[in-house]
Amino acid sequence: MSIVLGRIDYRLLHGIVATMWAPQSGAQRVMVIDDKVANDPVIKESMRLGKPAGMACSIITLETAVKNFKAGKYDSHKVFVVCENPETFLALQEQAGQKIPRIVVGITRNNKTEGTPVSSRASIKDDQKPVYKKLIENGTKVDVQFTTTDKAEPLESKISL
């Protein structure tokens with residue numbers, strides 16, 4: 001089973017993710033993949049406190065995620081992955097052989113000052129365009145959507161890849 005949904009959100013695990021996206025995903029596990037957070041015990045523990053009720057929570061590095069997916073650790077799980085950038089999802093596809101049915105671009109860091117805006121909360125940097133293109137070519141649907149109640153808009157309708 002493994003990954004059922006991915007979300008790009010620089011804030012990682014927070015209110016909207018925990019109360020809207022995680023429950024809607026149908027996942028049993030929310031997985032934050034971020035090297036910095038995974039290696040900072042204080043941030044990691046505070047983020048863990050915000051995990052959705054009834055869901056397992058992993059906050060791990062990309063290296064650990066790839067190793068665990070390759071080893072089949074999550075084969076019997078439905079996993080909702082949250083990370084800050086599309087490169088992480090491409091690594092999961094190419095290095096761990098993961099199928100990712102859908103990625104939601106929620107909110108990006110410096111969304112007003114860097115890249116091409118795709119919403120009022122997200123922008124795509126020029127060097128990320130080929131990454132998104134590859135994700136889509138690999139069969140992943142990529143939408144721009146902040147909350148679950150907002151209309152999902154295909155990334156390709158917002159930006160030329």
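Numbers here simply count residues along the sequence, with the first being 1.
By the rule that hydrophobic residues join a cluster once side-chain heavy atoms approach within less than 4.5 Å of another member, Val81 and Leu155 end up as members of one cluster. Linking Ile, Leu, Val, Met, Phe, Trp and Tyr residues whenever their side-chain heavy atoms come within less than 4.5 Å places Ile8 and Ile159 in a single cluster. Hydrophobic clustering (ILVMFWY, side-chain heavy atoms < 4.5 Å, transitive): Val32 and Phe80 are in one cluster. Linking Ile, Leu, Val, Met, Phe, Trp and Tyr whenever their side-chain heavy atoms come within less than 4.5 Å leaves Leu5 and Val142 in two separate clusters. Connection of Leu135 to Ile3 is established within a shared hydrophobic cluster, with ILVMFWY side chains joined at heavy-atom distances below 4.5 Å, either directly or through further cluster members.
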### Message
With side chain to side chain contact (heavy atoms under 4.5 Å, CB included) as the criterion, how do Tyr10 and Thr108 come out once you've worked through the C-alpha distance, each side chain's angles and the decisive distance to 0.1 Å?
### Response
CA-CA 5 Å; Tyr10 82 90; Thr108 59; 5.5 Å; no

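Note on residues 142-152: pairs passing salt bridge (Lys or Arg N to Asp or Glu O under 4.0 Å), not counting sequence neighbours, are Arg102-Asp143, Lys141-Asp143.
Using a distance-only test at 3.5 Å, with no hydrogens or angles considered, no donor-acceptor pair links the side chain of Asp40 to the main chain of Lys36. In this structure, Trp21 contributes its side chain and Gly6 its backbone to no donor-acceptor pair below 3.5 Å. In this structure, the side chain of Asn85 engages the main chain of Thr88 through a donor-acceptor pair within 3.5 Å.
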Donor-acceptor list for residues 11-19 side chains, cut-off 3.5 Å, not counting sequence neighbours:
{"unit_1": "Arg11", "atom_1": "NE", "unit_2": "Asp9", "atom_2": "OD1", "d": "3.3"}
{"unit_1": "Arg11", "atom_1": "NH2", "unit_2": "His14", "atom_2": "NE2", "d": "3.1"}
{"unit_1": "His14", "atom_1": "ND1", "unit_2": "Ile16", "atom_2": "N", "d": "3.4"}
{"unit_1": "His14", "atom_1": "NE2", "unit_2": "Asp9", "atom_2": "OD1", "d": "3.4"}
{"unit_1": "His14", "atom_1": "NE2", "unit_2": "Asp9", "atom_2": "OD2", "d": "2.8"}
{"unit_1": "Thr19", "atom_1": "OG1", "unit_2": "Gly15", "atom_2": "O", "d": "2.7"}

Donor-acceptor pairs under 3.5 Å, side chain of residues 90-101 to any protein atom, not counting sequence neighbours: which ones?
{"unit_1": "Gln93", "atom_1": "OE1", "unit_2": "Asn138", "atom_2": "ND2", "d": "2.7"}
{"unit_1": "Gln93", "atom_1": "NE2", "unit_2": "Thr140", "atom_2": "OG1", "d": "2.8"}

Under 3.5 Å, sequence neighbours excluded: what are the donor-acceptor pairs made by side chains of residues 57-65?
{"unit_1": "Ser58", "atom_1": "OG", "unit_2": "Arg29", "atom_2": "NH1", "d": "2.7"}
{"unit_1": "Thr61", "atom_1": "OG1", "unit_2": "Thr64", "atom_2": "N", "d": "3.1"}
{"unit_1": "Thr61", "atom_1": "OG1", "unit_2": "Thr64", "atom_2": "OG1", "d": "2.9"}

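In terms of the side-chain contact (heavy atoms from CB on, under 4.5 Å) criterion, residue partners of Lys158 (sequence neighbours excluded) are, by chain and number, Val118, Val144, Glu153. Phe69 meets the ring-ring contact (aromatic ring centres under 6.0 Å, His included) test with Tyr74; sequence neighbours excluded.
Listed here is the closest heavy atom pair of Glu114 and Lys125: OE1-CE, 2.8 Å. Closest approach of Phe89 to Cys83, counting heavy atoms only: CE1-SG, 3.1 Å. Nearest approach of Ala22 to Met55, heavy atoms of both residues: CB-SD, 3.6 Å. A pairwise comparison of heavy atoms in Ser123 and Gln128 identifies O-OE1, 4.5 Å as the closest pair. Ala122 and Ile107 get closest at one heavy-atom pair: CB-CA, 4.4 Å. The two atoms that bring Lys129 and Thr116 nearest to each other are NZ-OG1, 3.8 Å, heavy atoms only.
The line from CE of Met20 to OG1 of Thr148 is 3.5 Å long, rounded to the nearest 0.5 Å. Here the CG atom belonging to Leu161 is positioned 14.0 Å from the NZ atom belonging to Lys134, to the nearest 0.5 angstrom. Rounded to the nearest 0.5 angstrom, Thr147 OG1 and Arg121 CZ are separated by 7.5 Å.
In this structure, Lys44 places its NZ atom where more than 12 heavy-atom neighbours from other residues, nucleotides or ligands lie under 6.0 Å away. Lys78 NZ: 12 or fewer foreign heavy atoms inside a 6.0 Å radius.
Residues Ile103 and Pro86 have side chains not in contact (no heavy-atom distance under 4.5 Å, counting atoms from C-beta outward).
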